[in-house]
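Here's the structure, in structure tokens; my notes come after.
A, B, ... follow the sequence lines: proteins, then strands. Residue 1 opens every chain. Remember, predicted model here, so these are calculated numbers, not experimental data.
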There are 2 protein chains.
Amino acid sequence: MADARTPRELDEVVDGLLEVAKRTHVVMVSVAARHDLTAQQVGLLRVLDEPVSMRAFAEELSCDPSNVTGLVDRVERLGLVDRVADPDDRRIRMLTLTPKGRRLREKINAEVARDLAAALGLEPEDHGRVLRLIASLTPTDATPPPRP
Amino acid sequence: MADARTPRELDEVVDGLLEVAKRTHVVMVSVAARHDLTAQQVGLLRVLDEPVSMRAFAEELSCDPSNVTGLVDRVERLGLVDRVADPDDRRIRMLTLTPKGRRLREKINAEVARDLAAALGLEPEDHGRVLRLIASLTPTDATPPPRP
DNA sequence: AGGAAAAGCTTGACTTCCTCAAGTATTCGT
DNA sequence: ACGAATACTTGAGGAAGTCAAGCTTTTCCT
């Protein structure tokens with residue numbers, strides 16, 4: 001409807017979101033580095049509250065399965081994760097935290113929360129608003145949109 | 001104190017923010033791929049509304065300057081950016097869009113806005129709320145470089 | 001049941017991104 | 001004027017990503 005305001009505003013919203021994403025990434029990298037890990041390795045730990053197949057994790061990351069092979073190789077070498085064969089389907093390897101991996105996961109999650117709150121200036125009284133906003137944004141169905 | 005609610009809520013906020021960051025990244029990668037670029041290359045184009053030194057861009061990315069050398073090499077090879085010598089300080093190379101680069105930048109910015117809005121389910125009536133929230137979050141002073 | 005197709009993972013070749021250490025040019029400070 | 005700092009590049013090397021090809025196991029079809 002030839003509304004000139006909306007696109008202009010949208011540009012500012014995009015800038016803001018990209019800024020938030022950038023700071024989030026910087027936090028992930030710096031928390032990871034503190035434990036001699038990479039941001040993706042921390043991402044893997046975060047997902048592994050419960051075991052997940054390599055295939056499922058590749059989809060979570062929107063990446064090729066062969067990429068996950070290398071990622072898991074490195075994390076397994078650190079003794080944080082095991083590949084556990086699924087008894088019902090021997091093609092599947094379930095990624096499972098070792099006790100060491102689980103301890104590190106708890107510690108790292110706490111640090112991510114603390115540092116991210118600091119990086120964004122998140123105050124406790126903001127939580128409600130942010131949660132409501134996030135809930136309304138992400139269209140809970142994880143539909144990755146442009147599927148031509 | 002000893003408020004058990006706050007940390008629990010904070011965890012949900014963190015999850016939401018990471019989800020937003022993830023979708024943002026997916027959008028950047030897919031827009032970039034559509035033009036045979038990478039997400040970082042698109043990031044460079046976005047920054048170059050006006051010329052920027054390599055040093056400044058490395059700080060923007062929080063990365064080592066030598067990384068920018070390679071990044072710019074590739075984008076220069078595509079004819080999107082030029083290294084222009086600064087007449088006042090011959091150490092400095094100002095990154096400058098070529099006409100081709102500028103045209104591509106406009107097109108890509110529009111696509112990022114459109115696809116990001118779709119990926120997050122951003123409605124025009126959300127803009128105001130998002131903008132206010134973003135403004136209150138990011139501790140406005142984006143204090144990157146104390147400029148001597 | 002038996003064989004082709006599909007699913008889950010790995011391997012190998014290759015690119016990009018990224019860091020660190022070292023090196024070159026240029027400018028700044030005293 | 002000379003040493004220190006700044007801006008960038010180069011080279012070595014790791015992590016992360018893609019694609020194509022291959023192996024094993026499961027599923028599907030008839």
Side-chain angles (χ1 to χ4, degrees), chain A residues 22 25-26 28-45 47 51-78 80-96, chain B residues 22 25-45 47 51-78 80-96 144-148:
Chain A
K22 193 183 78 181
H25 185 246
V26 167
M28 293 298 277
V29 168
S30 86
V31 169
R34 196 178 298 149
H35 299 278
D36 281 305
L37 297 176
T38 66
Q40 335 292 329
Q41 290 169 350
V42 167
L44 176 53
L45 295 191
V47 166
V52 155
S53 71
M54 305 198 55
R55 170 98 183 114
F57 185 61
E59 259 159 29
E60 163 76 18
L61 247 64
S62 320
C63 76
D64 191 279
S66 66
N67 187 25
V68 175
T69 296
L71 190 46
V72 170
D73 281 350
R74 292 181 284 271
V75 176
E76 197 176 29
R77 216 177 288 140
L78 297 173
L80 301 175
V81 163
D82 277 339
R83 284 164 159 106
V84 176
D86 180 332
D88 295 343
D89 184 338
R90 281 154 49 204
R91 293 171 301 182
I92 297 179
R93 308 307 210 76
M94 295 301 276
L95 303 176
T96 311
Chain B
K22 193 184 79 182
H25 184 247
V26 168
V27 166
M28 293 298 278
V29 169
S30 84
V31 170
R34 197 177 298 150
H35 298 278
D36 281 304
L37 297 176
T38 66
Q40 337 292 329
Q41 290 168 350
V42 167
L44 176 53
L45 294 191
V47 166
V52 155
S53 71
M54 304 197 58
R55 171 97 182 117
F57 184 62
E59 261 159 27
E60 164 76 18
L61 246 65
S62 319
C63 78
D64 191 279
S66 66
N67 187 24
V68 175
T69 296
L71 191 47
V72 171
D73 281 350
R74 292 180 283 272
V75 177
E76 197 176 28
R77 216 175 290 140
L78 298 174
L80 302 174
V81 163
D82 277 339
R83 285 163 159 108
V84 177
D86 179 333
D88 296 342
D89 184 340
R90 280 154 48 206
R91 294 170 302 182
I92 298 178
R93 308 307 209 77
M94 295 301 276
L95 303 177
T96 312
R147 285 287 190 191

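Rounded to whole Å, the distance from NE2 on A/H25 to C1' on C/dC17 is 11 Å. Across the protein-nucleic acid pair, B/E59 atom CD and C/dT19 atom P stand 13 Å apart, rounded to whole Å. Rounded to an integer number of Å, the gap from B/D88 CG to D/dT6 P is 19 Å. Remark: P of C/dC18 and CG of B/L61 are 6 Å apart, rounded to the nearest angstrom. A/L44 places its CG atom 16 Å from the C1' atom of D/dG17, with the value rounded to the nearest Å. Put simply, CZ on B/F57 is 15 Å from C1' on D/dC8, counting in whole angstrom units. As rounded to whole Å, 14 Å separates atom C1' of D/dT9 from atom CG of B/L95.
When every heavy atom of B/F57 is checked against every heavy atom of B/V52, the shortest pair comes out as N-CG1, 3.8 Å.
Bending across the helix from C/dA1-D/dT30 to C/dT30-D/dA1, expressed as the angle between its end axes from five pairs apiece, amounts to 30° (10° rounding).
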Problem - Base versus backbone protein contacts along nucleotides 2-16 of chain C [heavy-atom cut-off under 4.0 Å; B, S, -] - result: -----BSSBB----S
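At least one donor-acceptor pair closer than 3.5 Å links the side chain of B/T96 to the backbone N or O of B/M94. Not one N or O on the side chain of B/D82 forms a donor-acceptor pair closer than 3.5 Å with the backbone of B/V84. Judged purely by atom type and a 3.5 angstrom limit, A/D89 uses its side chain to pair as donor or acceptor with the backbone of A/R91.
Between A/M54 and the choices A/V68, A/L71, A/I92, the side chain to side chain contact (heavy atoms under 4.5 Å, CB included) rule is met once, by A/V68.
Contact check for A/L61 versus A/V47: no side-chain heavy atoms found under the 4.5 Å cut-off. The side-chain heavy atoms of A/Q40 and A/M28, taken from C-beta on, include no pair separated by under 4.5 Å.
Under a 4.0 Å N-O distance rule, the pair A/D73/A/R83 qualifies as a salt bridge.
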